[in-house]
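From a predicted model like this one, the values you see are computed outputs, not experimental measurements.
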Amino acid sequence: MIFRLKTSKKTQEIFEELENRTNYKPYTLVKHAIAWSLMEKTSVQDYKSDSDGLDLNRQTITGDNETFFKVLIEQVEGRYLSEDEYFPKYVKAHIDRGSQLLLDMYNHAGSIDRYILQVLGEGDTV
(Lines give C-alpha, C1' and ligand atoms only; values in the text may rest on other atoms or scores of the structure.)
Protein backbone atom coordinates (compact mmCIF):
# COMPACT_ATOMS: atom_id res chain seq x y z
CA MET A 1 0.00 0.00 0.00
CA ILE A 2 1.31 3.42 -0.99
CA PHE A 3 1.13 6.16 1.63
CA ARG A 4 2.51 9.23 -0.17
CA LEU A 5 1.98 11.08 -3.42
CA LYS A 6 3.49 14.11 -5.12
CA THR A 7 1.29 16.74 -6.66
CA SER A 8 2.12 18.55 -9.84
CA LYS A 9 4.34 21.61 -9.71
CA LYS A 10 1.36 23.72 -10.78
CA THR A 11 -0.70 22.40 -7.84
CA GLN A 12 2.14 23.26 -5.47
CA GLU A 13 2.23 26.79 -6.86
CA ILE A 14 -1.55 27.16 -6.54
CA PHE A 15 -1.51 25.89 -2.95
CA GLU A 16 1.34 28.26 -2.07
CA GLU A 17 -0.56 31.20 -3.57
CA LEU A 18 -3.78 30.28 -1.78
CA GLU A 19 -1.98 29.69 1.51
CA ASN A 20 -0.50 33.19 1.25
CA ARG A 21 -3.90 34.69 0.48
CA THR A 22 -6.05 32.68 2.92
CA ASN A 23 -3.70 31.20 5.54
CA TYR A 24 -5.23 27.78 4.70
CA LYS A 25 -2.60 25.04 4.79
CA PRO A 26 -2.24 22.35 2.10
CA TYR A 27 -3.98 19.76 4.30
CA THR A 28 -7.13 21.92 4.05
CA LEU A 29 -6.70 23.04 0.45
CA VAL A 30 -6.25 19.47 -0.79
CA LYS A 31 -9.72 18.50 0.47
CA HIS A 32 -11.28 21.51 -1.26
CA ALA A 33 -9.43 20.65 -4.48
CA ILE A 34 -10.72 17.06 -4.42
CA ALA A 35 -14.25 18.27 -3.72
CA TRP A 36 -14.25 20.71 -6.64
CA SER A 37 -12.83 18.07 -8.95
CA LEU A 38 -15.48 15.55 -7.90
CA MET A 39 -18.20 18.13 -8.56
CA GLU A 40 -17.15 18.11 -12.23
CA LYS A 41 -18.62 14.56 -12.35
CA THR A 42 -16.21 13.55 -15.11
CA SER A 43 -13.48 10.94 -15.09
CA VAL A 44 -9.85 11.74 -14.44
CA GLN A 45 -8.75 8.39 -15.88
CA ASP A 46 -6.69 10.05 -18.62
CA TYR A 47 -5.61 13.09 -16.59
CA LYS A 48 -1.87 13.65 -16.87
CA SER A 49 0.39 15.84 -14.76
CA ASP A 50 3.93 15.90 -13.46
CA SER A 51 4.95 14.80 -9.97
CA ASP A 52 7.27 17.68 -9.17
CA GLY A 53 5.18 19.36 -6.47
CA LEU A 54 4.18 18.85 -2.86
CA ASP A 55 4.88 15.55 -1.14
CA LEU A 56 1.66 14.66 0.70
CA ASN A 57 0.95 11.88 3.16
CA ARG A 58 -2.17 9.80 2.60
CA GLN A 59 -3.39 10.47 6.15
CA THR A 60 -3.03 14.22 5.53
CA ILE A 61 -5.24 13.94 2.46
CA THR A 62 -8.02 11.63 3.62
CA GLY A 63 -7.73 11.59 7.40
CA ASP A 64 -10.32 9.28 8.94
CA ASN A 65 -12.46 9.49 5.79
CA GLU A 66 -10.52 7.15 3.51
CA THR A 67 -13.56 5.02 2.62
CA PHE A 68 -15.67 8.11 1.97
CA PHE A 69 -13.11 9.52 -0.49
CA LYS A 70 -12.73 6.19 -2.28
CA VAL A 71 -16.48 5.69 -2.70
CA LEU A 72 -16.96 9.22 -4.06
CA ILE A 73 -14.14 8.78 -6.55
CA GLU A 74 -15.51 5.37 -7.61
CA GLN A 75 -18.94 6.94 -8.16
CA VAL A 76 -17.47 9.58 -10.47
CA GLU A 77 -15.44 6.95 -12.30
CA GLY A 78 -18.44 4.63 -12.54
CA ARG A 79 -16.51 1.56 -11.43
CA TYR A 80 -14.64 -0.16 -8.62
CA LEU A 81 -11.04 1.01 -8.27
CA SER A 82 -8.30 -1.27 -7.00
CA GLU A 83 -6.21 0.09 -4.15
CA ASP A 84 -3.29 0.73 -6.51
CA GLU A 85 -5.50 2.69 -8.92
CA TYR A 86 -7.28 4.69 -6.23
CA PHE A 87 -4.12 5.83 -4.45
CA PRO A 88 -2.13 7.55 -5.72
CA LYS A 89 -3.34 7.72 -9.37
CA TYR A 90 -6.94 8.88 -9.00
CA VAL A 91 -6.48 10.85 -5.79
CA LYS A 92 -3.55 12.74 -7.33
CA ALA A 93 -5.49 13.43 -10.53
CA HIS A 94 -8.42 14.86 -8.57
CA ILE A 95 -6.06 17.01 -6.48
CA ASP A 96 -4.25 18.35 -9.53
CA ARG A 97 -7.41 19.01 -11.56
CA GLY A 98 -9.23 20.39 -8.53
CA SER A 99 -6.47 22.78 -7.54
CA GLN A 100 -7.05 24.86 -10.66
CA LEU A 101 -10.81 24.77 -10.08
CA LEU A 102 -10.23 25.83 -6.47
CA LEU A 103 -8.08 28.77 -7.55
CA ASP A 104 -10.70 29.80 -10.10
CA MET A 105 -13.47 29.61 -7.49
CA TYR A 106 -11.45 31.61 -4.99
CA ASN A 107 -10.53 34.24 -7.59
CA HIS A 108 -14.16 34.51 -8.65
CA ALA A 109 -15.26 35.00 -5.04
CA GLY A 110 -12.57 37.63 -4.43
CA SER A 111 -12.13 37.01 -0.71
CA ILE A 112 -12.07 34.16 1.77
CA ASP A 113 -15.41 35.24 3.24
CA ARG A 114 -17.12 35.27 -0.13
CA TYR A 115 -15.50 31.95 -1.06
CA ILE A 116 -16.88 30.34 2.10
CA LEU A 117 -20.35 31.69 1.34
CA GLN A 118 -20.00 30.31 -2.18
CA VAL A 119 -19.04 26.89 -0.82
CA LEU A 120 -22.05 26.98 1.49
CA GLY A 121 -24.28 27.72 -1.49
CA GLU A 122 -25.00 31.25 -0.40
CA GLY A 123 -22.67 32.95 -2.88
CA ASP A 124 -25.49 34.35 -4.98
CA THR A 125 -26.73 36.40 -2.04
CA VAL A 126 -23.47 38.28 -1.53
Side-chain angles (χ1 to χ4, degrees):
M1 184 179 281
I2 298 173
F3 291 99
R4 303 189 76 73
L5 65 75
K6 287 193 78 160
T7 69
S8 70
K9 182 68 173 168
K10 180 69 175 167
T11 295
Q12 179 179 357
E13 292 167 357
I14 289 170
F15 283 1
E16 287 169 353
E17 177 183 343
L18 288 172
E19 183 176 0
N20 288 335
R21 292 168 67 187
T22 67
N23 290 324
Y24 286 170
K25 303 295 181 203
Y27 60 82
T28 299
L29 296 170
V30 71
K31 292 167 182 67
H32 284 253
I34 292 171
W36 287 118
S37 181
L38 289 171
M39 289 194 53
E40 291 290 294
K41 297 181 182 166
T42 58
S43 177
V44 292
Q45 180 176 352
D46 297 323
Y47 191 88
K48 303 285 187 235
S49 61
D50 64 69
S51 294
D52 299 327
L54 291 173
D55 184 20
L56 297 173
N57 182 298
R58 187 175 188 150
Q59 180 66 23
T60 300
I61 298 167
T62 61
D64 294 334
N65 299 302
E66 180 81 26
T67 302
F68 181 69
F69 278 89
K70 188 168 190 276
V71 167
L72 288 174
I73 291 172
E74 286 176 336
Q75 281 187 317
V76 168
E77 294 305 318
R79 67 183 185 86
Y80 168 80
L81 297 174
S82 70
E83 191 58 36
D84 292 337
E85 288 178 297
Y86 163 70
F87 198 96
K89 179 183 176 183
Y90 282 86
V91 172
K92 177 190 174 349
H94 278 290
I95 292 169
D96 288 342
R97 178 173 78 174
S99 67
Q100 184 61 57
L101 296 167
L102 171 60
L103 180 62
D104 292 346
M105 295 301 287
Y106 183 81
N107 285 339
H108 178 72
S111 72
I112 192 62
D113 295 335
R114 291 174 66 96
Y115 170 76
I116 291 169
L117 289 174
Q118 188 171 312
V119 168
L120 295 174
E122 301 170 13
D124 295 335
T125 63
V126 178

Which pair of heavy atoms, one from [X] and one from [Y], lies closest together, and at what distance?
{"X": "Ser43", "Y": "Val76", "result": "N-CG1, 4.3 Å"}
{"X": "Ile2", "Y": "Pro88", "result": "CD1-CD, 3.7 Å"}
{"X": "Leu81", "Y": "Tyr90", "result": "CD2-CE1, 3.8 Å"}
{"X": "Glu17", "Y": "Leu103", "result": "OE2-CD1, 3.8 Å"}
{"X": "Val44", "Y": "Ser37", "result": "CG1-OG, 4.2 Å"}

Starting at [atom1] of [X], measure out to [atom2] of [Y] and round the result to the nearest 0.5 Å.
{"X": "Arg4", "Y": "Leu56", "atom1": "CZ", "atom2": "CG", "value": "8.0 Å"}
{"X": "Glu13", "Y": "Ser99", "atom1": "CD", "atom2": "OG", "value": "10.0 Å"}
{"X": "His32", "Y": "Met105", "atom1": "NE2", "atom2": "CE", "value": "11.5 Å"}
{"X": "Ile61", "Y": "Phe87", "atom1": "CD1", "atom2": "CZ", "value": "4.0 Å"}
{"X": "Ile14", "Y": "Asp104", "atom1": "CD1", "atom2": "CG", "value": "8.0 Å"}
{"X": "Asn107", "Y": "Leu102", "atom1": "CG", "atom2": "CG", "value": "9.5 Å"}

May I have the step-by-step check of side-chain contact (heavy atoms from CB on, under 4.5 Å) for Gln59 and Asp64, ending in yes or no?
-> CA-CA 8 Å; Gln59 180 66 23; Asp64 294 334; 3.8 Å; yes

Group every Ile, Leu, Val, Met, Phe, Trp and Tyr by side-chain heavy-atom contacts under 4.5 Å, then state whether [X] and [Y] land in the same group.
{"X": "Tyr27", "Y": "Leu5", "value": "no"}
{"X": "Ile34", "Y": "Val71", "value": "no"}
{"X": "Tyr86", "Y": "Phe3", "value": "no"}
{"X": "Ile73", "Y": "Tyr80", "value": "no"}

Passes side-chain contact (heavy atoms from CB on, under 4.5 Å), Tyr24 versus Ile112? Steps please.
-> CA-CA 10 Å; Tyr24 286 170; Ile112 192 62; 3.4 Å; yes

Stepwise salt bridge (charged side-chain N to carboxylate O under 4.0 Å, His left out) test for Glu66 and Lys70 | CA-CA 6 Å; Glu66 180 81 26; Lys70 188 168 190 276; over 6 Å; no

Is there a side-chain contact (heavy atoms from CB on, under 4.5 Å) between Arg58 and Met1 once you walk through the steps?
-> CA-CA 10 Å; Arg58 187 175 188 150; Met1 184 179 281; 3.3 Å; yes

Yes or no on side-chain contact (heavy atoms from CB on, under 4.5 Å) for Trp36 and Gln100, after CA distance, side-chain angles and deciding distance?
-> CA-CA 9 Å; Trp36 287 118; Gln100 184 61 57; over 6 Å; no

Min side-chain heavy-atom separation Phe69-Val91 under 4.5 Å =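 Counting from C-beta outward, Phe69 and Val91 never come under 4.5 Å.
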
Is a side-chain donor or acceptor of Arg114 paired with a backbone partner of Ala109 at a separation under 3.5 angstrom?
->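 Yes.
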
With Ser49 as reference, evaluate Lys92, Lys9, Arg97 under the side-chain hydrogen bond (donor to acceptor under 3.5 Å, both in side chains) test and give the passing residue.
->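 Single pass found, and it is Lys92.
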
